[in-house]
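Only this structure's heavy atoms are used, side chains among them; waters, hydrogens and symmetry mates stay out. Chain letters run A, B, ... following the sequence lines, proteins first and then strands; every chain starts at 1.
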Amino acid sequence: MTVKRDVSETFKQGKILLPEFFERDPVLCARDLIGVTLVHGPCRGRVIETEAYHGIGDPACHLFTRPSVRSLAQEFPVGTAYVYLNYGIHWLVNVLCRDRVTGASGFVLFRALEPLAGMEEMEQRRGLTIKEKLCSGPGKLTQAMGINHSQNTRSLLIDPEFCLSRNPAEPSPLTTVDRRIGISCAKDLLWRFLEAGHPGVSVPPGRAR
DNA sequence: AAGAAGATCAAT
DNA sequence: TTGATCTTCTTG
């Protein structure tokens with residue numbers, strides 16, 4: 001009797017990121033998450049845009065303005081998803097980081113994905129079929145992926161149904177750095193990371209105020 | 001108890 | 001440029 005094994009599928013899915021990945025400065029985590037795959041159920045997307053939010057020296061970070069988020073960062077391990085409702089309408093998903101050396105916490109906000117699988121679900125939830133627009137913004141990607149408050153405080157490092165994975169054989173993409181989008185303070189920090197030249201990002205580099 | 005601000009999006 | 005819509009935090 002032979003064991004059925006779909007090697008190509010395993011290869012495609014990659015390996016779930018380890019806690020060590022997130023035990024670094026949030027800015028490094030944000031940069032290195034470009035090219036990683038975000039998985040939720042049948043939906044998968046390549047991360048093409050992120051932003052770092054830092055517990056130290058960054059007044060735009062929720063760790064500065066929301067005591068409840070400070071508690072979350074203390075009570076949960078790295079790799080935990082922080083999902084919150086923005087403008088009463090959009091769910092935004094972050095992952096928790098904590099620098100092993102400095103002890104500083106922070107988050108990486110997922111801002112855009114290139115859809116890889118589960119496109120039918122994405123199209124249905126978004127009411128669109130244009131691939132480049134399915135996940136081209138932080139609110140859009142959560143809607144497309146079906147991520148909401150029920151994923152808040154859930155680990156992204158354990159369950160293959162909700163995780164960040166990387167194919168070790170795949171080379172890291174060329175990334176671009178830019179200012180963050182939509183914030184009213186700490187605007188000059190170059191803490192937005194994009195896959196260079198990718199058409200599916202939320203706002204092209206150079207257009208942030 | 002009430003008010004303000006906010007890491008967005010799609011339509012006008 | 002605006003309206004939709006609601007959680008969190010601050011102020012009285």
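- Note on A:Ser202: every side-chain N or O is 4.0 Å or more away from OP1 and OP2 of B:dT8.
- Closest to the side chain of A:Arg66, from the set C:dC6, B:dT8, C:dT8, is C:dT8.
- Spacing between atom CZ of A:Arg126 and atom C1' of B:dC9 amounts to 8 Å, rounded to whole angstrom units.
- The closest donor-acceptor contact from the side chain of A:Arg44 to the backbone of A:Val39 lies at 3.5 Å or more, if one exists at all.
- Between A:Lys133 atom NZ and B:dC9 atom P there is a gap of 13 Å when expressed in whole angstrom units.
- When distances run from any side-chain atom of A:Lys140 to the nucleotides C:dC9, B:dC9, B:dT8, the shortest one goes to B:dC9.
- In this structure, B:dC9 and C:dG3 make a Watson-Crick or G-U wobble pair, each of the two defining distances being under 3.5 angstrom.
- Rounded to an integer number of Å, the gap from A:Tyr82 OH to B:dG6 C1' is 11 Å.
- At the phosphate of B:dA7, OP1 or OP2 sits under 4.0 Å from a side-chain N or O atom of A:His62.
- Side-chain atoms of A:Tyr87 lie closest to B:dG6 of the nucleotides B:dA7, B:dA10, B:dG6.
- As a whole-Å value, the separation of A:Ile183 CD1 from B:dT8 C1' is 14 Å.
- Side-chain contact between A:Ser202 and A:Glu51 is absent, with no heavy atoms from C-beta onward closer than 4.5 Å.
- Between the side chain of A:Arg46 and the main chain of A:Leu113, no donor-acceptor pair closer than 3.5 Å is present.
- Summarising the geometry, the separation between CG on A:Leu72 and P on C:dT7 is reported as 17 Å, rounded to the nearest angstrom.
- The aromatic ring centroids of A:Phe107 and A:His62 lie 6.0 Å or more from each other.
- Atom CG of A:Leu134 is separated from atom C1' of B:dT8 by 17 Å (rounded to the nearest Å).
- Pairing for C:dT10 goes to B:dA2, judged as Watson-Crick or G-U wobble with the two contacts each under 3.5 Å.
- Between A:Arg192 and B:dA7, a side-chain N or O to OP1/OP2 separation shorter than 4.0 Å is absent.
- Backbone-only engagement by A:Ser184 is indicated by non-hydrogen atom pairs under 4.0 Å involving sugar-phosphate atoms exclusively.
- Atoms CG (A:Asn86) and P (B:dC9) sit 9 Å apart, rounded to a whole Å.
- Straight-line distance from the CG atom of A:Leu141 to the P atom of B:dC9: 8 Å, rounded to whole Å.
- Using a 4.0 Å heavy-atom distance criterion, A:Arg180 is classed as making no nucleic acid contact.
- A heavy-atom distance below 4.5 Å is not found between the side chains of A:Tyr84 and A:Leu72.
- Nearest nucleotide to the side chain of A:Ile89, out of B:dC9, C:dA4, B:dA7: C:dA4.
- A:Gly88 comes within 4.0 angstrom of a nucleotide base, judged by non-hydrogen atoms across all strands.
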